[in-house]
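Notes for the one structure printed next.
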Amino acid sequence: MFPKKTIRDLDVDGKTVLIRVDFNVPLEAGRVADDTRIEAALPTLRALLDRGAALILCSHLGRPKGKPDPELSLAPIADRLSELLGRPVQFAEDSIGESAGEAAESLQPGDVLLLENTRFHPGEKANDPEFAKSLASLADVYVNDAFGSAHRAHASTAGVTDYLPSAAGLLLQSEIEQLRRAVESPEHPYVAILGGAKISDKIQVVERFLELADRILIGGGMANTFLAARGLDMRESLVEQEALGQARDLLEQGSEKILLPIDLVVADEFSADADKKVVPADSVPDGWRALDIGPDTLERFKDEIRTAAMVVWNGPMGVFEFDRFAEGTLALARELAESDAVTIVGGGDSAAAVQKAGVADRLTHVSTGGGASLTVLEGSPLPGVEALDDAD
Ligand code: ADP
Ligand code: MG
């Protein structure tokens, strides 16, 4: 059973509900470039509107350093949300204070108000009680549906629950239920695939997967750091120097479980139309950088997927945003779609990659969260969930 109250337990008729959503979406030229995360919030919003609530939505966007940054305004998201919901969405120029207070005051059942980026205030990340209290003062009830932010104890994800009755939204609940399967009933052979660029953020999970999984396939930027830790000269490739020591320890602990690329697609510059060639992993030419896994590595990784009963994937195998370096990532996504295994994908860019490959609906679960999904897969608690009221 889900351990926390959910929106099904709330009486919201005539009430104003503050909802923490994850609208940390990519913007391009002032427009929403990918609305997956907005779509993912709609079931909760619709359910609460149908039951007579007025909604106040809040979210962070990017990393604005505790002060207003016009580039990171949520205003474009209000427009997109309004199109998707098919009703007007008001926008408040601040998440607390007069503009938010006045707009909240005049809300009627069925109205929707989106607040400006919560991270324009330093109190958001600091989980400052005053900021949390100001946010809470806008509404009668709090709902957390921001799975992608639930691994952080911030004012809008955790602090606010000190001042309002609270519950989980439908997205938060379903993400956790899906991901917990991988921790509570892992099926073997269990294959973890890790890649991407946020290496120091993710390297700890390799340790956890050494206990949980039977095989760990490492590609993408993450693999470069591991190859460098093996003493290879990765030339211009993305390597996180601070993580080398940790990578070396992990290789010592898990040499028989960890598979690294044996060949790489290298580029003469970091660009979409760079010259490319395939080289053995130990022979990146001077002045070149690895931007994808090579074909032999891909075959090796596919073999592992074919025999797996459960596959967890976080982080692309290369710079899939460039078509010339997307093959490793897209081919792996297609292999996952073919597989009979339980297939779970987490991470914003990884989710975008399976969308690009056109296979998202053939996987068991595609998570909207990156860090949050890894936290659940590690078996660690999520502060944003812990803070919610317990189920009766
Ligand atoms: P996720 O969002 O799925 O958690 P990350 O944010 O950690 O994944 O990493 C995704 C990014 O990693 C993508 O933008 C991709 O271009 C980049 N990336 C993958 N492989 C490489 C590489 N070899 N060199 C540089 N960047 C890479
Ligand atoms: Mg990412």
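In what follows, residues are counted from 1 in the order of the sequence shown. Just follow the structure's listing: the first ligand is 1, and inside any ligand the first atom is 1.
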Problem - Per-atom contacts, ligand 1 versus G348 - under 4.0 Å to a heavy atom - result: 1 (P), 2 (O), 3 (O)
Problem - Test of proximity, D292 against ligand 1: N or O pairs below 3.5 Å - result: no
Practice task
Heavy-atom contacts with N314 under 4.0 Å: which atoms of ligand 1 show up? List them by number with element.
Solution key: 4 (O)
Exercise for the section: Give yes if a backbone or side-chain nitrogen or oxygen of L291 is under 3.5 Å from a nitrogen or oxygen of ligand 1, and no if not. Expected result: no
Problem - Top protein contact for atom 18 (N) of ligand 1, by heavy-atom distance - result: G318 O, 3.9 Å
Check residues 257-265 and write down every donor-acceptor pair under 3.5 Å in which the side-chain atom is one partner and the other belongs to a residue at least two apart or another chain.
residue: K257; atom: NZ; partner: L210; partner atom: O; Å: 2.6
residue: K257; atom: NZ; partner: A213; partner atom: O; Å: 2.9
residue: D263; atom: OD1; partner: T297; partner atom: N; Å: 2.9
residue: D263; atom: OD1; partner: T297; partner atom: OG1; Å: 2.5
residue: D263; atom: OD2; partner: D296; partner atom: N; Å: 2.9

Practice task
For the pair K5 and D390, evaluate salt bridge (charged side-chain N to carboxylate O under 4.0 Å, His left out) and give the outcome as yes or no after the intermediate values.
Solution key: CA-CA 5 Å; K5 283 219 161 64; D390 291 328; over 6 Å; no
Fill in the blank from the handout: Looking only at protein heavy atoms, what sits closest to atom 15 (C) of ligand 1 is E321 OE1, 3.5 Å
Handout entry: Heavy-atom pair with the smallest gap, counting every atom of G346 and S367
Key = CA-CB, 4.0 Å
Handout entry: Min N/O separation A197 to ligand 1 under 3.5 Å
Key = yes
Fill in the blank from the handout: Nearest heavy-atom approach of A136 to Y163 is CB-CB, 3.6 Å
Handout entry: Residue, atom name and distance, where the atom is the protein heavy atom closest to atom 26 (N) of ligand 1
Key = V319 CG2, 3.6 Å
Problem - Heavy-atom closest contact (D22 atom, T368 atom, distance) - result: OD2-O, 4.4 Å
Handout entry: Heavy-atom neighbours of R306 CZ exceed 12 at 6.0 Å
Key = yes
Exercise for the section: Using a cut-off of 2.8 Å, find all protein N, O or S atoms closer to the Mg ion (ligand 2) than that distance. Expected result: D349 OD2
Practice task
Could you name the option among T329, V345, D349 that has the heavy atom nearest to atom 6 (O) of ligand 1?
Solution key: D349
Exercise for the section: Identify the heavy atoms of V21 and A41 that sit nearest to each other, and give their distance. Expected result: CG1-CB, 4.1 Å
Handout entry: Any M222 heavy atom less than 4.0 Å from ligand 1
Key = no
Exercise for the section: Could you check whether the rings of F325 and F322 sit parallel, tilted or perpendicular, using 30° and 60° as the cut-offs? Expected result: perpendicular
Problem - Nearest non-hydrogen partners of R119 and H60, listed with the distance - result: CZ-CD2, 3.2 Å
Problem - Pairing of E386 and K4 as salt bridge, 4.0 angstrom limit - result: no
Exercise for the section: Considering the heavy atoms of K202, write down every atom of ligand 1 situated less than 4.0 Å from one of them. Expected result: 1 (P), 4 (O), 5 (P), 7 (O), 8 (O)
Practice task
Output yes when a side-chain donor or acceptor of T16 lies under 3.5 Å from a complementary backbone atom of A139, and no otherwise.
Solution key: no
Handout entry: Side chain, backbone, both or neither: A353 near ligand 1, heavy atoms under 4.0 Å
Key = neither
Handout entry: Residue pair E175 / S373, side-chain donor-acceptor N/O under 3.5 Å
Key = no
Problem - Shortest reach to atom 23 (N) of ligand 1 by a heavy atom, considering only A290, A351, S350 - result: A290
Handout entry: Contact partition for N224 relative to ligand 1, non-hydrogen atoms under 4.0 Å
Key = side chain
Exercise for the section: Please confirm whether G370 comes within less than 3.5 Å of ligand 1 when only nitrogen or oxygen atoms on both sides are compared. Expected result: no
Exercise for the section: For V284 and S237, work out which heavy atoms get closest and say how close. Expected result: CG1-OG, 4.5 Å
Fill in the blank from the handout: Contact region, R289 to ligand 1, non-hydrogen atoms below 4.0 Å, reads neither
Practice task
State whether the number of non-hydrogen atoms from other residues, nucleotides or ligands found under 6.0 Å of D50 atom CG is greater than 12.
Solution key: yes
Problem - Atom indices of ligand 1 within 4.0 angstrom of G221 heavy atoms, with elements - result: 19 (C), 20 (N), 21 (C), 22 (C), 23 (N)
